[in-house]
Amino acid sequence: MKTASRILGRAFFAEGFEVQDAPRYGAERRGAPIFAYVRAAREAINERGIITTPDLVVVADDTLPAIPAAGTLAGVDDRTVLLIISREPADTWRSRLNLSCSVVVIREDVESPVSEEMPFKGAVCAGGAAHLVGVIPRPTLAQAIERELDSMPAAMIEANLEHGLAAFDQLADHAGAVQQGVGVSADNPRPPQWVDLPLQPAGAAAPVIQAAATSVEVHTGLWRSVRPVIDDERCVGCWWVCSTFCPDGAIEVRDGRPHIDYEHCKGCMVCVAKCPPHAIDTIPEHAAQQADREDHHRDA
Amino acid sequence: MTRELLTGNLAAAWGARLARVDYVPAFPITPQTEIIETLSDWYDSGVMAGRLVTLESEHSMITAAGAAAATGVRVFSATSSQGLLYGMEMIYTVAGWRVPFVLVNVSRALAAPVTLEPDHNDILAARDSGMLQIHCANCQEVLDSLLIAYRLAEDPRVRLPVIVNLDGFYLSFTREPVIIPEPGAVDAFLPAFDAESIRFRASQPESQAVAVLGGSPYSYFRYETHLAALEALKVYDEVAADFTARFGRSHAAVEDYRCGDAEIVLVMMGSFATKAREAVERLRDAGVAAGLLRPRLLRPFPADRLREYLAGKRGVAVIDQNLSMGKGGVLHSEIASALYGRKDAPPVLTSFIGGLGGRDISAEEFYEMVSVTREAADSGTVPPPRLLYTRDELREVRKLQTIARVERSELGKEP
């Protein structure tokens, strides 16, 4: 998303706008939700940091609305436009999330011809957003992609251009759908609901998690974009290797055989790298989920 | 001159590059690391001439910075938060050596609990060290302040190290348009360091930073450092005026935004002050005579300047992005000490604590702080200090406490 914000910011800047683009990192872990902000205006920008009333929200991955830490719906109101990359249509998302704002979907299959992997999502998000804001011509978007990715190999830049521009073209019917917000007026503003923090005993007010194993409750498996799958025929049962190197303790050993806990495997692929007999395959997560569903239907 | 999108970190790196620094002792820490990574690339590719050396800790890094500065070369370093605290023994020490260098601090709130986003408790821990402090509000100021800081630090009337402070995330990782001045123009403003009496040469032994026994010599050296820091107020004005004459951008010791005819003035430091600026504009649109003062210099403290701006105001709201446990906002105390007992001092000085650990301050909250201060001026009753904290935030913390299985009986009745 940082790349997306930079491409979009660069494109606005090239069109003569004042710009801010900024990523915001949470947990510094692979797969943890990350968000980035872009502001653009014809005049100097005083606001900074968190955008509380976004004109446009771009969601790179349709598993994110279900993750509170991603905050995809924060500040969304009737005039916001929500752009989401998904295999599901816009009406499904409007219904699922009870939204009354416009929802625009970039069909995920647009990016599938070349790769199922993440690298083009930044360009796709920026390309879609560029058309939605309505003030960025196609050539400016192309230049912004090239400029922001100029440290990459030519083939990679080319592929990003292809995906970014395809996303731009796909949203032709929605050009200019995003309206510039007006900010918060100081005329009769709604006062903040401040509270006086009460003094509480240190037993409650110290930063202590008194419950055991709370991390089990957080299904970090949702973060995974690729899935490691053990090939039982190749696995020689040297369980100590993969289960020791797994940084999340997500490989359980039963009867001398390793089993991956997919609710908590973040898809870091350390196990794939370490496996001595090369018995762990790498499969794109949504392809794996598709296969799971088909298996389920067949079993049913 | 080019106008380019730069993060605050890149702007800091450009400042060091344009200052042609000779030596950079470095140690990584979020959110500062991008500065030394960038400088490292530039030294590696030869666009900068000099040395970058990675040390094993901030303590060593500050020592190396001071020691290198004591040989008469131009030195730059950068740190943040826990790193600044880890180097704190040497922050105080090198200031006492009276050697000039510039250290960037990227503000990040302190542990515990550990976090990544900014407030000013880290930089304020260095407040009484003898290092001077310049606080930035946008990325352009970061680059410009570095150039000003070298002039200030190296001035023979001052000769103290300077910290340039920028807020983590809100500046460090935020890209915005920054004018990168021409190297020739910077060279004319900031010539090569003339170290004068600072030297360390083979076969010319001298002892710097000697120990003293007894309070009299100690008091002398300490008070001389204080006097030099105070003198830096005058030197800063000269340097800032020269900067404005050459580059057209103004970086006064205190930024005044629509203070002249304001009844109620907000006072705050750092990048969140740009949000206050936006709030002041909108309050003006709504017919409220609000203004903003932002001290860029915290040490030396521009007390006279602040006093002049605040004379005759009905009320002043100080917003502290820091918290001195058991006292309150640090800037509030400093403003109060500058105003107390003075003719025309504003009768009402309210205190707000906000933005701790990067907690946002909303437009509505700025409006409310002005409103509360105006009501206090009307009634003559000053409200107690207020933490900017909403019902929804407390609700969120209660949810976390539920997950953490904090005994509900200990939480008492909800406010």
Side-chain angles (χ1 to χ4, degrees), chain A residues 2 5-6 9-10 12-14 17-28 36-39 44-53 68 147-148 183-212 214 217-218, chain B residues 4-5 7 30-31 112-113 116-117 138 169-171 173-177 271-272 274-279 281-288 290 358 360 362-368 370-371 384 386-394 400-401 403-408 410-415:
Chain A
K2 179 178 172 181
S5 75
R6 288 194 159 196
R10 173 69 61 188
F12 272 120
F13 187 56
F17 284 81
E18 294 299 308
V19 171
Q20 265 183 15
D21 57 56
R24 193 143 171 267
Y25 309 106
E28 290 174 333
Y37 306 108
V38 180
R39 288 186 169 88
I45 300 171
N46 288 322
E47 274 298 331
R48 57 179 65 249
I50 299 161
I51 294 176
T52 48
T53 51
R147 177 72 193 275
E148 289 301 326
V184 183
S185 167
D187 251 329
N188 295 317
R190 205 175 49 179
Q193 289 192 304
W194 285 336
V195 286
D196 293 322
L197 278 190
L199 170 66
Q200 301 192 311
V208 177
I209 297 174
Q210 298 171 10
T214 50
E217 311 288 335
V218 183
Chain B
E4 175 54 301
L5 291 175
T7 59
T30 297
L116 296 176
E117 294 194 45
N138 59 48
F169 287 78
Y170 288 78
L171 292 182
F173 298 155
T174 298
R175 246 183 15 167
E176 54 191 16
S271 66
F272 277 51
T274 64
K275 294 163 162 291
R277 198 184 162 107
E278 182 71 18
E281 269 187 36
R282 288 178 182 271
L283 283 162
R284 290 283 180 155
D285 292 343
V288 179
D360 197 21
S362 69
E364 291 92 338
E365 289 184 315
F366 282 111
Y367 306 153
E368 185 71 3
V370 170
S371 168
R386 147 88 48 206
L387 172 72
L388 305 187
Y389 208 77
T390 62
R391 205 166 283 280
D392 282 351
E393 288 178 279
L394 187 57
L400 295 173
Q401 287 176 316
I403 296 167
R405 303 219 182 111
V406 172
E407 287 301 327
R408 295 193 75 78
E410 294 197 19
L411 296 176
K413 199 164 161 290
E414 291 299 320

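Lettering follows sequence order; numbering is per chain, from 1.
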For salt bridge (Lys or Arg N to Asp or Glu O under 4.0 Å), just list the numbers for A/Glu148 and B/Arg175, CA-CA rounded to whole Å, side-chain angles, deciding distance to a tenth of an Å, and then say yes or no. CA-CA 13 Å; A/Glu148 289 301 326; B/Arg175 246 183 15 167; 3.0 Å; yes
Given the options [options], which has more heavy-atom pairs under 4.5 Å with chain A than any of the others?
options	answer
B/Leu400, B/Thr390, B/Leu5	B/Leu5
B/Pro113, B/Ala363, B/Pro177	B/Pro177
B/Thr174, B/Val288, B/Asp392	B/Thr174

Please give me the minimum heavy-atom distance between [X] and [Y], naming the atom from each residue.
X	Y	result
A/Asp187	B/Ala286	OD1-CB, 3.8 Å
B/Thr274	A/Asn46	OG1-O, 2.7 Å
A/Trp194	B/Leu388	CZ2-CD2, 3.3 Å
A/Pro192	B/Glu368	CD-CB, 3.6 Å

Measuring from [X]:[atom1] to [Y]:[atom2], what's the distance to the nearest 0.5 Å?
X	Y	atom1	atom2	value
A/Ile45	B/Glu176	CD1	CD	8.0 Å
B/Tyr367	A/Asn188	OH	CG	12.0 Å
B/Leu171	A/Gln20	CG	CD	9.0 Å

Region of [X] that comes under 4.5 Å of a non-hydrogen atom in chain A:
X	value
B/Glu393	neither
B/Arg284	neither
B/Thr7	side chain

Between A/Arg10 and B/Glu4, is there a salt bridge with N-O shorter than 4.0 Å? yes
Would you call B/Arg386-A/Asp196 a salt bridge at under 4.0 Å N-O? yes
Of the listed residues (A/Gly9, A/Ala36, A/Ala211), which shares the most heavy-atom pairs with chain B below a 4.5 Å separation? A/Ala211
Using a 4.5 angstrom heavy-atom cutoff, name the option from A/Pro23, A/Pro207, A/Ala206 with the most pairs to chain B. A/Pro23
Return the set of residues passing salt bridge (Lys or Arg N to Asp or Glu O under 4.0 Å) with B/Glu117 (not counting sequence neighbours), or none when no residue passes. A/Arg24
Set of salt bridge (Lys or Arg N to Asp or Glu O under 4.0 Å) partners for B/Glu364, sequence neighbours left out: none
Please confirm whether the backbone N or O of B/Tyr170 pairs with a side-chain atom of A/Arg48, one donor and one acceptor, at under 3.5 Å? yes
Is it the side chain or the backbone of A/Thr52 that comes within 4.5 Å of chain B heavy atoms, both, or neither? side chain
Need one label for A/Val38: side chain, backbone, both or neither, based on atoms under 4.5 Å from any heavy atom in chain B. neither
